[in-house]
Amino acid sequence: MEFFDVIDCRHSVRTYRADPVPDELIVQCLEAARMAPSWRNGQCWRFLIVRDAATISQLAAQRIYGYPINHWLRSAPVVVVACAEPGESGLHGDLPYWAVDTAIALEHLVLAATALGLGTCWIGGFNEDTVRKLLGIPAHIRVVALTPLGYPAEREAVFGRFVKTIARSRRRKPLAGIVRYERWD
Ligand SMILES: Cc1cc2nc3c(=O)[nH]c(=O)nc-3n(C[C@H](O)[C@H](O)[C@H](O)COP(=O)(O)O)c2cc1C
């Protein structure tokens, strides 16, 4: 797939087919993440690949602000947990580069997945301690984000369509609203 088609095709997928994802495709996605830029090339990212259906159901059952907002995650055959080893990155003032590095790497993975016909959805709605306990992640490792990885279902389930509608997912601010040239003022 052409790069700009990948950018155009990527969207948050919240309903998956049960088909397993071949290991070679998972590795291709991880290789794309591995090539991401990072603070002093520290490569602080760590990826945990979860394929156990019972564990994925437990990740999906977490309540955020009292609601299991990501319960749809149960349909995913694979969940990638993007973590960071903060000691291998840095702080720029109060900006934590471990989060920046890991976010860039995860987006590489997301775009590679799109190019391979796989769906993803960036998930920030999780409880870090719950995820740590469930997956045996040590306290010094930060959990930055999760994404399901799998073949998108032909038709998004009702909840996915609902989220897309309320988030107005395809809507983007125009360039005029987000870009300034030469100076801010
Ligand atoms: C940091 C971050 C956290 C997000 N957390 C969630 C989440 O917990 N659950 C969810 O369904 N979508 C989540 N999303 C997906 C956004 O809702 C989605 O990217 C946005 O609505 C634009 O839609 P699109 O990805 O289909 O283009 C998150 C996205 C980002 C970047």
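In each ligand, atom 1 is the first atom listed, and ligand 1 is the first ligand listed. Keep in mind that what you see is a predicted model, and the values were worked out from it rather than measured. Counting from 1, the numbers follow the sequence of the chain as shown.
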Heavy atom of the protein closest to atom 17 (O) of ligand 1 (residue, atom name, distance): Arg14 NH2, 3.4 Å
In terms of residue, atom name and distance, what is the protein heavy atom nearest to atom 25 (O) of ligand 1? Ser12 OG, 2.6 Å
re atom 13 (C) of ligand 1, the protein heavy-atom contact at minimum distance is Trp122 O, 3.0 Å
Identify which of Pro148, Ser169, Cys121, Gly124 has a heavy atom lying nearest to atom 3 (C) of ligand 1. Gly124
Tell me the protein heavy atom at minimum distance from atom 8 (O) of ligand 1, and give that distance in Å. Gly125 N, 2.9 Å
Closest approach of Trp39 and Ser89, non-hydrogen atoms and distance? CD1-C, 3.5 Å
What part of Trp72, side chain, backbone, both or neither, has a heavy atom within less than 4.0 angstrom of ligand 1? side chain
Which side-chain hydrogen bond (donor to acceptor under 3.5 Å, both in side chains) pairs, counting each pair once, include a residue from residues 102-113, with sequence neighbours left out? none
Is Leu134 linked to Val50 within one hydrophobic cluster, defined over Ile, Leu, Val, Met, Phe, Trp and Tyr using a side-chain heavy-atom separation of less than 4.5 Å? yes
Please work out which of the three classes, parallel, tilted or perpendicular, describes the rings of His92 and Tyr97, given edges at 30° and 60°. parallel
Side chain, backbone, both or neither: the part of Asn70 lying under 4.0 Å from ligand 1 by heavy atom: side chain
Ile69-ligand 1 polar pair, N/O distance under 3.5 Å: no
Where's the contact between Arg172 and ligand 1, heavy-atom distance under 4.0 Å: side chain, backbone, both or neither? side chain
Determine, considering heavy atoms only, which of His11, Arg10, Arg170 sits nearest to atom 27 (O) of ligand 1. Arg10
Exactly one candidate in Leu73, Ile123, Thr130 meets side chain to side chain contact (heavy atoms under 4.5 Å, CB included) with Leu59; the answer is Leu73
Quick one: side-chain contact (heavy atoms from CB on, under 4.5 Å) partners of Arg183, sequence neighbours excluded? Asp185
Check Arg40 with Glu88, please: is the shortest side-chain N to carboxylate O separation under 4.0 Å? no
